[in-house]
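This report concerns only the one structure given below.
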Amino acid sequence: MQNKLFIYNSMTKKKELFIPLHAPFVGLYLCGPTAYSNAHLGHARPAVTFDLLTRYLLHLGYKVRSVRNITDVGHLEDENAGEGEDRITKKAHQEQLEPMEIVEKYMNTYHKNLEQLNTLPPSIEPRASGHIIEQQELIKEILDKGYAYIVNGSVYFDVLKYNEKYKYGKLSGRVLEDLQSNTRVLDGQEEKKNPFDFALWKKASPEHIMKWPSPWSIGFPGWHLECSTMSTKYLGDVFDIHGGGMDLMFPHHECEIAQSTAAHGKESVRYWMHNNMITINGQKMARSLGNFITLDDLFSGKNKLLTQAYSPMTIRFFILQAHYRSTVDFSNEALQAAEKGLQKLTRAIETLNRLKPSEVSTIDVPKLKEKCYAALDDDLNSPILLSHLFDAVKFINSVVDGSEKINSSSLEALKALFNTFILDILGLKNEAAGTNDEKLTGDLMKIIIQLRQDAKNNKDFPTSDKIRNELNKIGITLKDRKDGVDWEK
RNA sequence: GGUCGGUUAACCGAGUGGCUAGGUAGCGGUCUGCAAAACCGUUUACGGCGGUUCGAAUCCGCCACCGACCUCCA
C-alpha cells in the first residue's frame with residue numbers, strides 16, 4: 001500500500017508520515033461525548049474531522065477499526081468531594097429520570113445527529129459503565145507497579161512518582177514544577193498527596209446513584225480511566241491514532257498517557273490528533289459556557305441566534321471548508337456562504353452527468369487528481385481539496401458554455417474523481433436526491449417545461465412567464481441554459 | 001501568572017521567501033424576449049514597528065490585540 005499521508009502529531013508537534021503498526025489494519029480511538037445533553041455544533045467538528053480521516057484511510061485501502069466511547073459513568077461536577085453530584089445524575093434529577101435513561105436519550109440524539117451529518121458509525125462504541133471490571137483491572141495494575149495509592153477507599157494516581165521515571169506533561173507541554181505552583185487549590189483535596197494527582201477510583205457518597213463495588217470501596221472510576229481501558233482493550237496495548245478535541249489535551253489525554261504508560265511500561269498511542277474548536281463571537285462554543293447551538297436547532301433553524309435553518313450537509317461543508325487544526329468561527333453569514341458554495345458544488349455534479357463529450361479535451365484530469373490527493377496527504381487539508389474541486393466546477397460550467405472541451409475518457413475520469421472525493425471521502429451527499437416521488441416530479445416538470453417552451457416559441461411570453469412565476473411561488477426555479485432548461489427546488 | 005496558538009481583503013478561510021488559493025458578497029460585461037443560472041473580467045489583504053535578504057505577508061526580534069488550556073468540556 002503506497003501512501004504519502006502525513007498527519008500532524010500533537011505529541012511531536014510535527015507532520016509525520018503515517019505508517020500503521022500492522023498495515024493494512026489501522027486502529028483509531030476517539031474520545032466521545034458525555035451523554036447528558038443534546039449534541040451541539042462543537043460536537044460536529046471532531047465527528048466530521050475524524051470521519052474524513054476514516055473515509056480517507058478506507059479509500060486508501062486500510063482496514064480501519066474505530067473505537068469511540070460513550071461516557072455514561074458521570075464525572076464529578078467539581079472536585080468538591082463531599083457534595084459531588086455528577087452531570088448525568090444532576091440532569092437525571094432535573095428531568096426526573098434514571099441516569100441511564102438520560103444517557104440513552106442523549107446517546108440516541110447524538111447518533112441521529114451524526115447520521116444526519118453523514119458520518120460513518122464507529123466499529124465499536126463501548127460505554128464506560130460496561131467496562132467497570134476492566135477499569136478496576138487497570139487500577140490494580142497501576143497499583144502493582146507502584147504508581148497509585150489508596151486513601152479512604154479512593155485510589156489516586158501518583159503523578160510525582162510517575163514523573164521520576166516517565167515525563168508527565170509531554171503532550172500538553174506542561175512541566176510538573178509549573179503545575180505545582182499553578183494548580184488551582186480546591187476543597188476536598190486533602191486526600192491527595194499532591195494537587196495534580198488524579199483519581200483512578202473514587203469512593204461514592206451514600207446519595208451517589210451511579211456506583212459499583214470494588215476492592216477499595218463502593219464507588220466509581222476516575223475521569224480519565226475509561227479511555228485508557230477501552231482503547232487498549234479493543235485496539236491493543238499500542239495502537240495507531242488517538243483523536244479528540246484540543247480541549248481534551250490537558251488533563252484528559254495527559255492522564256490517559258500516564259495511566260497506560262504506568263500500567264504497560266510504554267506509550268499506547270503512536271499518533272495524537274486534535275481538532276480545534278468552533279468559536280462563536282470569538283469564544284469557544286461549549287456546553288459549560290452556555291453559548292452553544294445544538295445540531296437539532298441548526299437543522300431546524302429554531303434558535304434566536306439563527307436567521308435560517310442549515311442542512312446537515314451545509315454544516316458538514318462549513319466544517320470541511322476550514323482546516324481541522326484551525327478555529328472556525330460561527331456566524332450566519334459564514335453558514336450562508338457555505339450553503340451557497342455547497343449548492344454550486346452539487347449543481348456541478350448534476351451538470352457533469354449531463355455533459356456531452358467532444359473529441360478533444362482541455363482538462364488534465366490525472367493532474368487534478370494528483371493535486372486532490374496531495375491536499376489530503378498534507379494533514380487532511382480539506383479546504384485546499386475543495387479549492388481544487390471548485391476549479392473543476394468552473395471547468396465543468398465552461399464546457400457547458402462552450403469555452404472548454406472534454407472528451408469521453410476525461411469525462412468518465414472526472415466523474416469518477418468527483419464521486420471519489422466529494423461523495424466517498426468528503427462525505428458530502430446530495431440531500432435532494434433519492435426520494436420515490438423524484439421521478440414523477442421530474443417527468444411532470446418535463447411536461448411543464450415543454451409547455452412553456454411551446455409558449456415561448458409562439459412568442460406568448462405572458463403564458464411562459466406565468467408558468468415560470470407560478471413555479472417560483474411554490475419554490476421551483478427554472479434555469480434556461482444553452483443546452484436546455486433546468487429546474488431546481 | 002504559566003503553557004500554547006492566532007491576527008490575511010466586505011465576510012468565511014487556505015497558503016507561502018519571488019508564481020491569481022477557494023467560497024460568499026460587490027461591481028462591470030457576455031448570454032437571454034426578460035429574469036435566474038452560468039461564464040468572463042474586476043475592486044478592497046496579509047495587526048504595528050524594526051531586522052535578515054536581491055526580494056518577506058511568509059524567517060528573526062520587540063510591541064499591541066484576541067483566543068485556548070491550566071476545573072468538566074468536542
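Protein chains get the first letters and strands the later ones, always in sequence-line order, with residue 1 at the start of each. Note: hydrogens, waters and symmetry copies are ignored here, and every other heavy atom, side chains too, is used. Please read all numbers here as calculations on a predicted model, not as lab measurements.
Rounded to whole Å, the distance from CG on A:N472 to C1' on B:A37 is 12 Å. Between A:K284 atom NZ and B:G67 atom P there is a gap of 14 Å when expressed in whole angstrom units. Atom CG in A:D401 sits about 11 Å away from atom P in B:U32, given to the nearest Å. Atom OH in A:Y324 sits roughly 13 Å away from atom P in B:A14 (whole-Å rounding). If you take CH2 of A:W272 and C1' of B:C4, they are 17 Å apart, rounded to a whole angstrom. Taking atom CD1 of A:I319 as the reference point, atom P of B:G13 lies 12 Å away to the nearest angstrom. We find that CD1 of A:I476 is positioned 16 Å from C1' of B:A37, with the value rounded to whole Å. Distance, A:N469 CG to B:A36 C1': 11 Å, rounded to whole Å.
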Please produce a list of atom pairs where a protein N or O lies less than 3.5 Å from an N or O of nucleotides 63-66 of chain B.
none

What protein N or O atoms touch nucleotides 7-9 of chain B N or O atoms at under 3.5 angstrom, if any, and at what distances?
none

So which protein nitrogen or oxygen atoms get under 3.5 Å of nucleotides 19-28 of chain B's nitrogens or oxygens?
{"residue": "B:A25", "atom": "OP1", "partner": "A:K340", "partner atom": "NZ", "Å": "3.3"}

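Partner assigned to B:C34 is none, using Watson-Crick or G-U wobble distances below 3.5 angstrom. Under the Watson-Crick and G-U wobble criteria, each requiring two contacts below 3.5 Å, nucleotide B:U16 is left unpaired. The pairing partner recorded for B:G28 is B:C40, the criterion being a Watson-Crick or G-U wobble arrangement whose two distances lie under 3.5 angstrom. Across all strands shown, B:C11 forms a Watson-Crick or G-U wobble pair with B:G23, both key distances being under 3.5 Å. Nucleotide B:G1 is matched to B:C70 when pairs are restricted to Watson-Crick or G-U wobble geometry with both distances under 3.5 angstrom. In this structure, B:C65 forms a base pair with B:G6, meeting either the Watson-Crick or the G-U wobble geometry with both donor-acceptor distances under 3.5 Å. Applying the Watson-Crick and G-U wobble criteria (two distances, each under 3.5 Å), B:U53 pairs with nothing in any strand.
A donor-acceptor contact under 3.5 angstrom links the side-chain atoms of A:R468 to the base of B:C34. The base of B:G33 lies close enough to the side chain of A:D465 for a donor and an acceptor atom to sit less than 3.5 Å apart. Side chain A:N276 to base B:A68: no donor-acceptor pair is found below 3.5 Å. Below the 3.5 angstrom threshold, one finds no donor paired with an acceptor across the side chain of A:R287 and the base of B:C73.
The listed nucleotides are B:A74, B:G13, B:G33; the one nearest the side chain of A:A322 is B:G13. Taking the side chain of A:F250 as heavy atoms from C-beta on, and the options B:A36, B:C69, B:A74, the nearest nucleotide is B:C69. Of all nucleotides listed (B:G33, B:G15, B:C69), B:G15 comes nearest to the side chain of A:N381. Picking from B:A74, B:C34, B:U71 the nucleotide with the shortest atom distance to the side chain of A:P251 gives B:U71. Closest to the side chain of A:H40, out of B:C40, B:A74, B:G33, is B:A74. Distance from the side chain of A:D480 is smallest to B:A35 among B:A35, B:C73, B:A14. Proximity note for A:R174 (side chain, C-beta onward) versus B:C12, B:G2, B:C40: the nearest is B:G2.
Taking the six-membered ring for Trp and the full ring otherwise, A:Y36 and A:Y106 have centroids separated by 6.0 Å or more. Proximity of the aromatic rings of A:F198 and A:H224 is defined here by a centroid distance below 6.0 angstrom, and this criterion is met. Between A:H131 and A:Y234, the gap from one ring centroid to the other is short of 6.0 Å. Remark: aromatic rings of A:H253 and A:H274 are close, center separation under 6.0 Å. The distance between the ring centers of A:F395 and A:F390 does not fall below 6.0 angstrom.
Within 4.0 Å of A:V175, counting heavy atoms only, lies no atom of the nucleic acid at all. Within the 4.0 angstrom heavy-atom criterion, only backbone atoms of the sugar-phosphate kind lie near A:G244; the bases stay farther away. Within the nucleic acid shown, A:S326 comes within 4.0 Å of sugar-phosphate atoms alone, with no base atom in reach, counting heavy atoms only. Heavy atoms of A:M277 sit under 4.0 angstrom from at least one base atom. At a threshold of 4.0 angstrom between heavy atoms, the contacts of A:L478 include nucleobase atoms, whether or not backbone atoms are also involved. Contact annotation for A:Q283: backbone-only contact, meaning every heavy-atom pair under 4.0 Å involves sugar-phosphate atoms and none involves a base. At a threshold of 4.0 angstrom between heavy atoms, the contacts of A:I278 include nucleobase atoms, whether or not backbone atoms are also involved. Contacts of A:S288 with the nucleic acid, taken as non-hydrogen atoms under 4.0 Å apart, include base atoms. Residue-level contact check: A:S172 touches the backbone only, with heavy atoms under 4.0 Å from sugar-phosphate atoms and none from bases. Using a 4.0 Å heavy-atom cutoff across all strands shown, A:D329 reaches sugar-phosphate atoms only and no base atom.
Counting non-hydrogen atoms of neighbouring residues, nucleotides and ligands closer than 6.0 angstrom, the CG atom of A:N281 reaches no more than 12 such neighbours. Shown here is A:K479, whose NZ atom has more than 12 heavy atoms of other residues, nucleotides or ligands within 6.0 Å.
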Going through the checks in order, is the side chain to side chain contact (heavy atoms under 4.5 Å, CB included) test met by A:I7 and A:K15?
CA-CA 5 Å; A:I7 57 183; A:K15 286 182 193 170; over 6 Å; no
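A:E350 and A:R347 are not joined by a salt bridge, as no carboxylate oxygen comes within less than 4.0 angstrom of a charged side-chain nitrogen. A salt bridge links A:D72 with A:R127: the distance from a Lys NZ or Arg NE/NH1/NH2 to an Asp or Glu carboxylate oxygen falls below 4.0 Å. A:K90 and A:D86 are not joined by a salt bridge, as no carboxylate oxygen comes within less than 4.0 angstrom of a charged side-chain nitrogen. Salt bridge annotation for A:R452-A:D480: present, with a cationic side-chain nitrogen under 4.0 angstrom from a carboxylate oxygen. In this structure, A:D391 does not pair ionically with A:K394, as no charged nitrogen and carboxylate oxygen lie closer than 4.0 Å.
Toward the 5′ end of RNA chain B lies the nearest nucleotide of A:T327, the other residue of the pair A:T327 and A:K479 mapping further downstream. In terms of position along RNA chain B, the nucleotide closest to A:F330 lies nearer the 5' end than the nucleotide closest to the other residue of the pair A:F330 and A:M285.
Taking side-chain N and O atoms only, A:T49 has no distance below 4.0 Å to OP1 or OP2 of B:A74. For A:N397, a side-chain nitrogen or oxygen approaches OP1 or OP2 of B:C39 to under 4.0 Å. The side chain of A:R325 contributes no N or O atom lying less than 4.0 Å from OP1 or OP2 of B:G5.
The side chain to side chain contact (heavy atoms under 4.5 Å, CB included) test with A:L41 singles out one residue from A:I278, A:T294, A:V328, and that residue is A:I278.
For the P atoms, the distance linking B:C12 with B:A25 amounts to 15 Å, nearest Å. Remark: the separation of the P atoms in B:G23 and B:U42 is 14 Å, to the nearest Å.
The nearest pair of heavy atoms linking A:C372 to A:L417 is SG-CD2, 4.5 Å.
Inter-residue side-chain proximity for A:F299 and A:N113 is flagged as met; some heavy-atom pair is nearer than 4.5 Å.
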